[in-house]
Amino acid sequence: MIQWANKYPQVLLLLLILLAFFVADGWHVINYPPSSIHQWRQADCVAYTMNYFTKNSPLLQPSFYNLVVDEGRSISEIPVFYYIAAKLFHIFGVHFWVLRGLTFLSYLVGMFYLLGCTKHFIKNSVAAVLPVIILATTPYFYYYALNVLPNVPGIALSFGGLYYLLRYENTSLKKYLLASTIFFIFSVLLKPTDGGLLWLAYLGVGAKDVVFCKRRDRRIIPILIGSVVIGLCLVGWYKYANWYNAVNHNTLNLLGIYPIWDMSKTDILYTIGWRMKDNWGPGYQHPVIMCFMVLLGIIYIVKWKSLDSFLKFFTLFLILGSFSYTVLWFKAFADLDYYQLINVIAPTFLFITVLNWYVEKVAAKLPKAAVYIVSSLLVLMVVISVAHNMAEQHRRYTDTELTYKQRSMFESGTYLRKIGISTSDTIISIPDITPNVTLVAFGNPGYTSFFDDIGITLSHFKDHGAKYLIVNDTGYLHNKLFMPYMTKPIGKTDDIYVFDLR
């Protein structure tokens with residue numbers, strides 16, 4: 001069995017990921033509409049996809065359902081996944097598994113590239129799988145891997161970028177540098193911070209070698225040229241996104257920093273003590289594995305001189321980069337755990353660094369019994385991670401308090417079509433404190449109560465083409481602000497009431 005796993009580590013990794021997928025009910029989750037934590041951001045992504053599908057818009061002209069911004073036009077990351085999903089809708093039909101599946105496919109590709117990077121440093125193929133599967137089953141990383149946000153694809157593609165950089169170092173073949181540059185371009189355009197951390201850490205090690213080790217290597221110049229191209233693409237995209245949002249009067253997308261110095265002491269303590277520790281904590285990892293990572297950190301410090309030269313400095317730059325990022329975007333941590341996904345990268349390479357030291361310099365000197373004990377403990381970490389991920393995914397998708405609007409609402413669009421409301425009709429949906437969640441659920445462009453005071457803007461929305469008012473909370477039916485717009489009821493299903501505004 002061990003010999004087979006050493007010969008086919010990619011198959012071993014795939015089997016472990018598939019195991020995690022099935023025990024975490026991935027077969028059902030992949031078909032879910034926007035659900036559970038951060039339904040808001042998920043709905044935005046689905047709205048982009050649906051508008052590409054219905055409008056057949058060009059790649060660089062994305063839009064979502066909410067029409068408060070001009071024609072719903074809004075942009076942040078490069079919307080290539082939403083664009084591809086929309087094209088696939090024409091082939092397979094409109095299914096949520098298409099968009100979730102694209103994200104999951106990028107995650108799988110990234111895990112195989114990470115395994116390639118790990119095998120570069122750890123010759124024992126079974127051991128090389130361990131850091132990869134721990135990352136793959138880290139609950140909040142896995143949650144977004146089977147979701148529709150750009151963070152995990154950004155990280156996944158950056159593993160491809162690093163893999164080809166390492167191949168370029170070994171072979172000096174320009175095709176690997178070209179592949180690395182392309183991977184990093186897409187990773188930083190999907191998520192500049194998450195996708196760019198490995199790239200910047202690699203450059204940091206290179207700069208250290210040049211300045212302090214007086215390294216002179218003919219490959220440095222081509223790598224720098226590739227990095228300039230990556231940087232120019234990132235700057236160009238940033239300027240385009242800002243221009244696109246400005247001309248369409250969109251101020252929703254966060255394209256700048258969200259720093260800790262904009263927070264009060266109370267907010268900082270609240271974010272650390274309740275949101276990160278108690279609320280987000282179970283999604284980070286099982287406490288046993290968190291303690292294991294602390295142990296790896298201690299070994300990393302104590303055995304610094306014995307560690308692989310590249311890996312120890314590469315990990316150091318990843319740690320410094322993660323810390324800098326945390327300071328610059330900490331204000332987002334209170335409400336958005338996907339803003340913390342970048343922090344899975346440094347622990348992964350910490351594990352790789354220490355595991356390289358163990359395999360290369362320690363294992364051969366230990367008695368067989370000790371090697372078996374260590375191996376058993378490492379396998380136990382994998383078992384714990386897979387089991388904990390299963391429990392956390394179950395919690396996220398079954399705890400109704402974690403979902404803003406229930407999945408059943410996303411079946412309401414069929415009823416609206418039956419009563420004569422087409423997908424092109426503009427609606428007003430209340431209550432909805434998000435730009436797109438209920439609009440995605442109903443499959444219609446329009447307006448929600450996310451903007452301003454709905455009692456003031458309702459007539460404005462009607463004047464701007466809204467044909468129907470849809471109320472999804474019975475508590476609003478007797479609200480004096482809305483009752484003047486509820487004189488022509490035309491339908492009801494579950495707790496959704498439909499009124500004609502014409």
Using 30° and 60° as the class limits, which term best fits the ring planes of W27 and F21: parallel, tilted or perpendicular? perpendicular

Just wondering, do D25 and Q393 contact through their side chains at under 4.5 Å, heavy atoms? no

Does the side chain of N151 come within less than 4.5 Å of F141's, by heavy atoms? no

Whether T438 side chain and D432 backbone form a donor-acceptor pair below 3.5 Å: no

Before we go on, tell me: are the rings of Y339 and Y258 under 6.0 Å apart, centre to centre? no

Between F184 and S187, is there a side-chain heavy-atom distance shorter than 4.5 Å? yes

Please report the shortest heavy-atom distance between A363 and V371, naming the atom on each side. O-CG2, 3.6 Å

For the pair W304 and F313, name the ring-plane relationship: parallel under 30°, tilted 30 to 60°, perpendicular over 60°. perpendicular

Y240 atom OH: more than 12 heavy-atom contacts under 6.0 Å: yes

Answer with yes or no after comparing the ring centroid distance for F159 and Y113 against a 6.0 Å cut-off, counting only values under it. no

How are the rings of F96 and F410 set to each other: parallel, tilted or perpendicular (split at 30° and 60°)? perpendicular

Indicate yes or no for a side-chain donor-acceptor contact from K305 to the backbone of V302 under 3.5 Å, with no hydrogens or angles considered. no

To the nearest 0.5 angstrom, please state how far the CD1 atom of I352 sits from the CG atom of L355. 8.5 Å

May I ask you to decide whether K365 forms a salt bridge with E360, counting only side-chain N to carboxylate O separations under 4.0 Å? no

From CG (L296) to CG (L350), nearest 0.5 Å: 5.0 Å

If you define the side chain from C-beta out and look only at heavy atoms, does anything of Y140 sit under 4.5 Å from Y284? yes

Does S264 use its side chain to pair, donor to acceptor, with the backbone of D267 at less than 3.5 Å? yes

Could you check whether any side-chain heavy atom of L173 comes within less than 4.5 Å of a side-chain heavy atom of R167, counting everything from C-beta outward? no

Could you state the interatomic distance from OG (S158) to CG (L200), rounded to the nearest 0.5 Å? 10.5 Å

Could you tell me whether the side chains of Y397 and T403 share a donor-acceptor contact shorter than 3.5 Å? no

Determine, step by step, whether T448 and V437 satisfy the side chain to side chain contact (heavy atoms under 4.5 Å, CB included) criterion, reporting the C-alpha distance in whole Å, the side-chain angles of both residues, the deciding distance to 0.1 Å, and the verdict. CA-CA 9 Å; T448 68; V437 169; over 6 Å; no

Aromatic rings F333 and F330: how do their planes relate, parallel, tilted or perpendicular, breaks at 30° and 60°? tilted

Evaluate the ring planes of Y52 and Y83, with Trp represented by its six-membered ring, and classify them as parallel (under 30°), tilted (30 to 60°) or perpendicular (over 60°). perpendicular

Distance only, no hydrogens: is a donor on one side chain within 3.5 Å (strictly under) of an acceptor on the other, for T315 and T353? yes

So the salt bridge (Lys or Arg N to Asp or Glu O under 4.0 Å) pairs with at least one residue in residues 323-339 (sequence neighbours excluded) are R275-D335, D337-R396

Working note: K191 + I155, criterion side chain to side chain contact (heavy atoms under 4.5 Å, CB included); need CA distance, chi angles, decisive distance, verdict. CA-CA 8 Å; K191 200 65 180 176; I155 293 171; over 6 Å; no

Would you mind reporting whether V129 and L16 have side-chain heavy atoms less than 4.5 Å apart? yes

Distance-only donor-acceptor check, side chains Y82 and E77, under 3.5 Å: yes

Once rounded to the nearest 0.5 Å, what's the spacing between atom CG of L149 and atom CG of L190? 11.5 Å

Using atom types as modelled and distance alone, determine if a side-chain donor or acceptor of N124 lies under 3.5 Å from a backbone N or O of A127. yes

Which is it for L318 and L197 under the side chain to side chain contact (heavy atoms under 4.5 Å, CB included) test, yes or no, and what are the steps along the way? CA-CA 7 Å; L318 290 175; L197 182 61; 3.6 Å; yes

Taking the six-membered ring of F317, is the NZ or CZ of K208 close enough (under 6.0 Å from the centre) and on axis enough (within 45°)? no

Between Y300 and W357, is the ring centroid distance below 6.0 Å? no

Under the criterion side chain to side chain contact (heavy atoms under 4.5 Å, CB included), I'd like the reasoning laid out for K175 against Y168: C-alpha separation, chi angles, the key distance, then a yes or no. CA-CA 8 Å; K175 65 179 181 180; Y168 176 66; over 6 Å; no

Main-chain N/O of T181 paired to Y164 side chain as donor or acceptor, under 3.5 Å: no

As an exercise, state the distance from OG of S180 to CG of L162, rounded to the nearest 0.5 Å. 7.5 Å

Any donor-acceptor N/O pair, W280 side chain to Q340 backbone, under 3.5 Å: no

Are D308 and N356 linked by a side-chain donor-acceptor pair shorter than 3.5 Å? no

For Y338 and N147, what are the C-alpha separation, side-chain angles and deciding distance, and is it a side-chain hydrogen bond (donor to acceptor under 3.5 Å, both in side chains)? CA-CA 11 Å; Y338 60 84; N147 216 296; over 6 Å; no

Can you tell me how the ring of H388 sits relative to the ring of H286, calling it parallel under 30°, perpendicular over 60° and tilted otherwise? perpendicular

Minimum heavy-atom distance K405-P431, with the two atoms named: NZ-O, 3.4 Å

Would you say the side-chain atoms of W199 and S227 include a donor-acceptor pair closer than 3.5 Å? yes

Could you report the tightest heavy-atom contact between T118 and A128, atom names first, then the distance? CG2-O, 3.2 Å

Identify the two heavy atoms, one from G196 and one from V188, that lie closest to each other, and give their separation to 0.1 Å. CA-CG1, 3.6 Å

Do L402 and D399 come close enough that some side-chain heavy atom pair is under 4.5 Å? yes

Return yes when atom OH of Y270 has more than 12 non-hydrogen atoms of other residues, nucleotides or ligands closer than 6.0 Å, and no otherwise. yes

Which of parallel (below 30°), tilted (30 to 60°) and perpendicular (above 60°) describes F104 and Y107? tilted

A quick test of your reading: do over 12 heavy atoms of other residues, nucleotides or ligands sit less than 6.0 Å from NE2 of H394? no

Output the distance between atom CG (N343) and atom OG1 (T326), rounded to the nearest 0.5 Å. 4.5 Å

Could you tell me whether the side chain of Q285 and the main chain of P139 form a donor-acceptor pair under 3.5 Å? no

Side-chain contact test, heavy atoms from C-beta onward, threshold under 4.5 Å: evaluate it for Y65 versus P435 and give yes or no. no

